[in-house]
Number of protein chains: 2
Amino acid sequence: MNENAAPTLVESVYRRLREDIIRGVLIADSKLRISELRERYDVGGSPLREALNRLVSEGLVISIGQRGFHVPPISLDELRDLTETRILIETEALRRSILAGSDDWEDGVVVAFHSLGRIERRGDIDSEDRERRNRAFHQALMSACPLKKLLQVHEELYDLHGRYRAIAIGLDMNRRNLFDEHEAIYNAALGRDADTACEAARQHILLTAQVVEQRMADMAAQREQRKGAGKLSRA
Amino acid sequence: MNENAAPTLVESVYRRLREDIIRGVLIADSKLRISELRERYDVGGSPLREALNRLVSEGLVISIGQRGFHVPPISLDELRDLTETRILIETEALRRSILAGSDDWEDGVVVAFHSLGRIERRGDIDSEDRERRNRAFHQALMSACPLKKLLQVHEELYDLHGRYRAIAIGLDMNRRNLFDEHEAIYNAALGRDADTACEAARQHILLTAQVVEQRMADMAAQREQRKGAGKLSRA
DNA sequence: TATTGCCAAAAAATCGATTTTCTCCTAAGC
DNA sequence: GCTTAGGAGAAAATCGATTTTTTGGCAATA
């Protein structure tokens with residue numbers, strides 16, 4: 001049996017849908033027509049609808065009775081809300097993890113950090129691998145937090161936030177040194193300095209969010225301009 | 001059109017399943033056979049499975065590929081995890097709510113408190129109404145928290161916790177004065193004393209959890225005893 | 001010109017039947 | 001007596017068809 005094979009069609013299409021929504025392949029605010037999705041993922045209506053319903057509870061899909069499913073819209077307000085909430089949860093989990101972390105935890109953090117650093121130094125824009133290792137690093141840092149439910153909540157928020165990060169993929173390379181930001185968290189964590197680590201994590205998340213905000217503003221401006229041009233050409 | 005009518009069968013059976021799981025009507029760790037549920041809720045397989053899949057994402061149902069759905073087991077470990085995480089989220093939301101609360105917020109809190117107090121003083125064991133008003137009170141307290149996502153997370157945790165509270169329904173009347181506990185939070189909140197309010201809320205949640213722990217221990221002891229008796233009778 | 005009512009096409013929701021996969025019991029073999 | 005193979009029945013997963021609801025356009029009306 002293949003380890004990766006989903007035991008169920010629901011499971012498989014659920015994961016693929018999830019990825020596509022978080023990555024922005026399925027556009028925010030767009031309609032998810034059952035017939036189109038059936039074709040896209042090559043599954044029947046039943047497993048598809050079941051997968052969609054799972055995503056509804058995660059906030060990654062919106063269901064409107066008798067009017068089908070939609071990708072949730074994005075907004076500056078939600079980004080800010082999500083960012084602040086994620087900071088709250090992530091710093092709390094990080095703090096508890098640092099307090100409770102064993103030798104194994106340290107090992108895991110070291111591995112994740114170096115693995116991520118290698119990719120970052122290589123400078124690949126390849127977001128696939130990068131995003132995975134980035135996530136793994138953040139998770140490794142928090143993994144010793146004894147509150148499992150807190151970690152679950154964080155995962156949820158991280159993925160909701162991921163939809164916004166996807167907007168700005170590749171954009172922050174120029175302005176920021178992500179490696180330094182990660183290193184600051186890393187050093188403080190291994191040094192068991194929870195306050196410093198949390199502050200570094202907070203800054204790191206905030207900076208990422210700011211890049212996204214900038215990008216959203218740019219996009220809004222572009223939309224404005226196109227609208228203006230449209231008016232002119234119609235006049 | 002009836003305001004309360006679910007626009008969709010999925011929605012309707014989702015709510016009913018949810019209630020029954022949280023209330024403990026559907027027993028922890030039991031199997032949820034599609035055919036039985038179909039009969040119980042008088043719906044077809046498709047809406048039923050869709051509703052179940054929503055609950056899977058909320059952690060109120062477990063899905064095992066090709067082996068159907070189950071009510072999640074309960075455990076002392078999870079209770080403690082859930083309790084501490086809920087305290088964390090609820091006190092944070094409460095703190096921010098107190099800081100940001102407007103006059104309207106105060107009004108809402110006053111109404112919710114008195115409404116709950118009336119029920120409590122009446123001493124009905126009726127959990128239906130009581131639970132609803134209790135929830136409403138807690139929500140009113142936090143409602144001015146600007147982080148909407150934090151409130152959503154709280155709701156999720158509150159309901160997961162509800163499964164445990166259901167175990168001890170009616171049991172805490174003897175030992176505790178719930179009214180006083182609520183009043184302490186109420187007074188501190190309206191007095192804009194966030195620290196005191198958070199501490200009171202923390203104590204309140206902890207006390208409830210302790211009653212549940214006690215009850216779980218009792219049940220475990222009873223099980224032990226029955227097992228012993230079984231052994232004897234078989235011998 | 002704006003509004004309303006109606007109809008056909010499209011889409012969503014749901015059902016009933018089929019296929020696939022597990023479960024448990026029986027019996028043969030060690 | 002214990003383990004393992006086989007198979008019938010039960011249950012889960014999925015599909016295809018049906019029913020219900022919405023959408024969008026067009027014409028009639030104010």
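Convention: sequence-line order gives letters A, B, ...; per-chain numbering from 1.
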| task | Specify whether A:H138 and A:Y158 have parallel, tilted or perpendicular ring planes, treating 30° as the upper limit for parallel and 60° as the lower limit for perpendicular. | result | tilted

Salt bridge or not for [X] and [Y], using N-O below 4.0 Å?
| X | Y | result |
| --- | --- | --- |
| A:R18 | A:E58 | yes |
| B:R132 | B:D129 | yes |
| B:R96 | A:E84 | yes |
| B:R135 | B:D159 | yes |
| B:E128 | B:R23 | yes |

| field | Interatomic distance, A:R67 CZ vs D:dT23 C1' [rounded to whole Å] | value | 10 Å

| request: Looking at every strand, decide which applies to B:I64 at a 4.0 Å heavy-atom threshold: base, sugar-phosphate, or nothing. | output: sugar-phosphate

| Contact class for A:G45 vs. all strands (heavy atom < 4.0 Å): base, sugar-phosphate, or nothing? | nothing

| query | Quick one: what's the B/S/- string for nucleotides 6-11 of chain D, heavy-atom cutoff under 4.0 Å, read 5' to 3'? | reply | -----S

| remark: What one should report as the nearest heavy-atom pair of B:R16 and B:Y41 is NH2-O, 2.9 Å

| query | Can you name the closest pair of heavy atoms from A:L160 and A:G59 and give their distance? | reply | CD2-O, 3.8 Å

| field | chain A contact limits on DNA chain C, taken 5' to 3' with a cut-off of 4.0 angstrom to heavy atoms | value | C:dA11 to C:dT14

| query | In terms of the nearest nucleotide of DNA chain D, which residue is placed more toward the 5' end: A:Q66 or B:F69? | reply | B:F69

